[in-house]
Amino acid sequence: MALQRLCWSAGALGCRRSSGLQGQLPGKLVEALQAVVGSPNVSTALAVREQHGRDESMHRCSPPDAVVWPQDVEQVSKLAGICYSHGVPIIPFSTGTGLEGGITAVRGGVCFNLTQMDRITALSTEDFTVAVEPGVTRKALNSYLRDTGLWFPVDPGADASLCGMAATSASGTNAVRYGTMRHNVLNLQVVLADGRVLHTAGRGRHFRKSAAGYNLTGLFVGSEGTLGLITQATLRLHGSPEAMVAAVCAFPSVHAAVDCTVQVLQAGVPVARIEFLDDAMMAACNRFSGLSYTVSPTLFLEFHGSPGSVEEQVRQAGEIVQMNGGSDFAWARELEARNKLWAARHNAWYAALALRPGSKGYSTDVCVPISRLPHIVGETHRDLQESGLTGLIVGHVGDGNFHCLLVFDPADLDEIQRVKEFATRLARQALALDGTCTGEHGIGLGKRHLLWEEIGELGLTIMRQIKAVLDPKNLMNPGKVL
């Protein structure tokens, strides 16, 4: 089930100890890895392996048998070839900020830590494109672009690796205006299981559209490391907005706030961000961040464009907000003021955990068509209240994606069971409304049964066949997605 593989009792206190050959790679294999990257860039130390066996999810830590730090794609290719010839699993790692156990080595193997591949290349300000390696994070890229008039807007919250974001098809607060990673990746360099290097759109190409053959780039975006190792991503950049205005407003009910979201989008207001926090989440954020927002269902909005267009967007959105009973407006135009206004949203996860010190958290990740959003958010709010769970709702409601942050005692087996039932119930409700069980976190370990319910047996069979062609030995991040 969705949470059966979580380490409920131990949490982050320990890892699954290796058994059998795990943790004991043949000496000749270790020597072969060292011959490629050098002895300092290969580790079989338990502490290092455990560090690479967990992400930010509550899935049980499962350490790899060894960790390697390649410096370039040639080394990645050689290392993959060695693992392939020995039948050893390959697990990618960069920043470790995933939320679905995507980096856990459930079958042991070699973890490829790609953080030392951190070059930014092929910046074309005229074409609005740039190429990045796996060690480049979104904040590092935007810092690099600061004086170019360009930026990369996909923001999942964490300072994640951009190649990792491509691997999970990440999105975040700006997706309603700028799209997800799937919309902003133009080309990928991928090392396949046997060491061959694929350029999904052709070497060096960075066109905006193409009708040439199958969309291989789209195939690897969201593949979660199960088809190959992404060693370079060519990304679409955007012009930095001339003006930005942020706003926060409170509503009398969950339905009023979500209805307002739908109406803003229907009116064609090109809002850059529109985020929802329920009353419980607002109370937690006030307490955690020392804020004084009204404790009621709340929308956080941001508008980008020229000064004139932004003022028009603000006027249009303001009228719709008032029609839905919105009040207690707070506006911010300067960077410092905008950052302060957004503090509540950015710290939501930590604010939730602070409600119960020593607790653990689990985040659901459903996404539904916009027209179904008022219904499912309202039903979820009622379900949370009736369940007796500590749960808070926050989400990127502009694209139909929202999360329930469920906070629980890892020693309380009854509460754990209720969290599991709630998460599965919510995912199935989203599927019943023609939505998906994951909008941005990925399938990982815990949602594989829901993937079957979402796409059906034939869809899953075709995915398995694609996997078998690209990874016939099932070595690429095994145990995930399928």
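Remark: side-chain polar atoms of R177 are not paired, donor with acceptor, to backbone N or O of R273 under 3.5 angstrom. H441 places no side-chain N or O within donor-acceptor distance of the main-chain N or O of G439, the cut-off being under 3.5 Å. In this structure, R448 contributes its side chain and L445 its backbone to a donor-acceptor pair below 3.5 Å. Remark: the backbone N or O of S223 is paired with a side-chain donor or acceptor of T226 at under 3.5 angstrom. Looking only at distances, a side-chain donor or acceptor of K467 sits under 3.5 Å from a matching main-chain atom of M476. For the pair T104 (side chain) and V106 (backbone), a donor-acceptor distance under 3.5 Å is absent. Between the N41 side chain and the V68 main chain, no donor and acceptor come within less than 3.5 Å of each other. A side-chain donor-acceptor contact under 3.5 Å links D159 to the backbone of K139. At least one donor-acceptor pair closer than 3.5 Å links the side chain of N286 to the backbone N or O of Y293. With hydrogens and angles disregarded, a donor-acceptor distance shorter than 3.5 Å links the side chain of T168 to the backbone of G164.
Listed here is the closest heavy atom pair of I91 and A105: CD1-CB, 3.9 Å. Across every non-hydrogen atom of G446 and E100, the tightest pair is N-OE1, 4.4 Å. Between G444 and E224, the closest heavy-atom pair is N-OE1, 2.8 Å. Of all the heavy atoms in F288 and A354, the pair that sits closest is CD1-CB, 3.8 Å. Taking both residues in full, the closest heavy atoms of L114 and P134 are given as CB-CB, 3.6 Å, listed atom of the first, atom of the second, then distance. Closest heavy-atom contact between G228 and F220: N-CE2, 4.2 Å.
Residues passing the ring-ring contact (aromatic ring centres under 6.0 Å, His included) test with Y84: none are found, sequence neighbours excluded. Under the side chain to side chain contact (heavy atoms under 4.5 Å, CB included) criterion, A233 pairs with V132, C163, L188, L235, sequence neighbours left out. Remark: A158 pairs with T97 by the side chain to side chain contact (heavy atoms under 4.5 Å, CB included) rule, at least two apart or across chains. Partners of S124 under the side chain to side chain contact (heavy atoms under 4.5 Å, CB included) rule, at least two apart in sequence or in another chain, are E126, D127, T129.
Taken from OG in S62 to CZ in R49, the straight-line distance is 11.5 Å, to the nearest 0.5 Å. Going from atom OG1 of T424 over to atom CZ of R428 covers 6.0 Å, rounded to the nearest 0.5 Å. Rounding to the nearest 0.5 Å places CD of Q232 at 11.5 Å from CD1 of I120.
Residues D65 and T44 have side chains not in contact (no heavy-atom distance under 4.5 Å, counting atoms from C-beta outward). Two residues are said to be in side-chain contact when any heavy atoms from C-beta on lie closer than 4.5 Å; I82 and V110 fail this criterion. For the pair I90/N477, no side-chain contact is recorded, criterion being any heavy-atom separation below 4.5 Å from C-beta on. By the 4.5 Å heavy-atom criterion applied to side chains, T234 and V130 are not counted as neighbours. A 4.5 Å side-chain heavy-atom check between C437 and I443 finds at least one atom pair inside the cut-off. When side chains are defined from C-beta on, R333 does not count as touching R338, because their heavy atoms never get closer than 4.5 Å.
At a cut-off of 3.5 Å, with distance as the only test, no side-chain donor of H199 or N187 sits close to an acceptor on the other residue. Between the side chains of H238 and N184, at least one donor-acceptor pair of N or O atoms lies under 3.5 Å. When only modelled atom types and interatomic distance are considered, R146 and S143 share a side-chain donor-acceptor pair under 3.5 Å. A side-chain donor from one of T180 and H183 sits under 3.5 Å from a side-chain acceptor of the other.
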Side chain to side chain contact (heavy atoms under 4.5 Å, CB included) evaluation trace for T217 with V185: CA-CA 8 Å; T217 302; V185 175; 3.8 Å; yes

Does the side chain to side chain contact (heavy atoms under 4.5 Å, CB included) test come out yes or no for V197 and Q189, once each step is laid out? CA-CA 7 Å; V197 180; Q189 180 188 76; 3.8 Å; yes

List the steps and the verdict of ring pair (Phe, Tyr, Trp, His ring centres under 6.0 Å) for Y144 and F152. CA-CA 11 Å; Y144 180 86; F152 187 73; over 10 Å; no

Given the rule in the side chain to side chain contact (heavy atoms under 4.5 Å, CB included) test, do L475 and D471 qualify, once you have shown the distances and angles that lead to the verdict? CA-CA 7 Å; L475 300 179; D471 181 20; 3.9 Å; yes

Identify every side-chain donor-acceptor pair in residues 394-404 under 3.5 Å, counting partners at least two apart or on other chains, and give the distances.
from, atom 1, to, atom 2, distance (Å)
H396, ND1, E275, OE1, 2.9
H396, ND1, E275, OE2, 3.0
H396, NE2, E440, OE2, 2.8
N401, ND2, D365, OD1, 3.3
N401, ND2, V366, O, 2.8
H403, ND1, T364, O, 2.9
H403, ND1, D365, OD1, 3.4
H403, NE2, E440, OE2, 2.9

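Sorted by first and then second residue, the side chain to side chain donor-acceptor pair (under 3.5 Å) pairs involving residues 68-79 (not counting sequence neighbours) are Q71-Q116.
Around CZ of R208, the count of heavy atoms belonging to other residues, nucleotides or ligands within 6.0 Å exceeds 12.
The pair R356-D409 fails the salt-bridge criterion, with no side-chain N (NZ, NE, NH1 or NH2) lying under 4.0 Å from an Asp/Glu carboxylate O.
A cation-pi contact, defined as under 6.0 Å to the ring centre and within 45° of the axis, is absent between R138 and W151.
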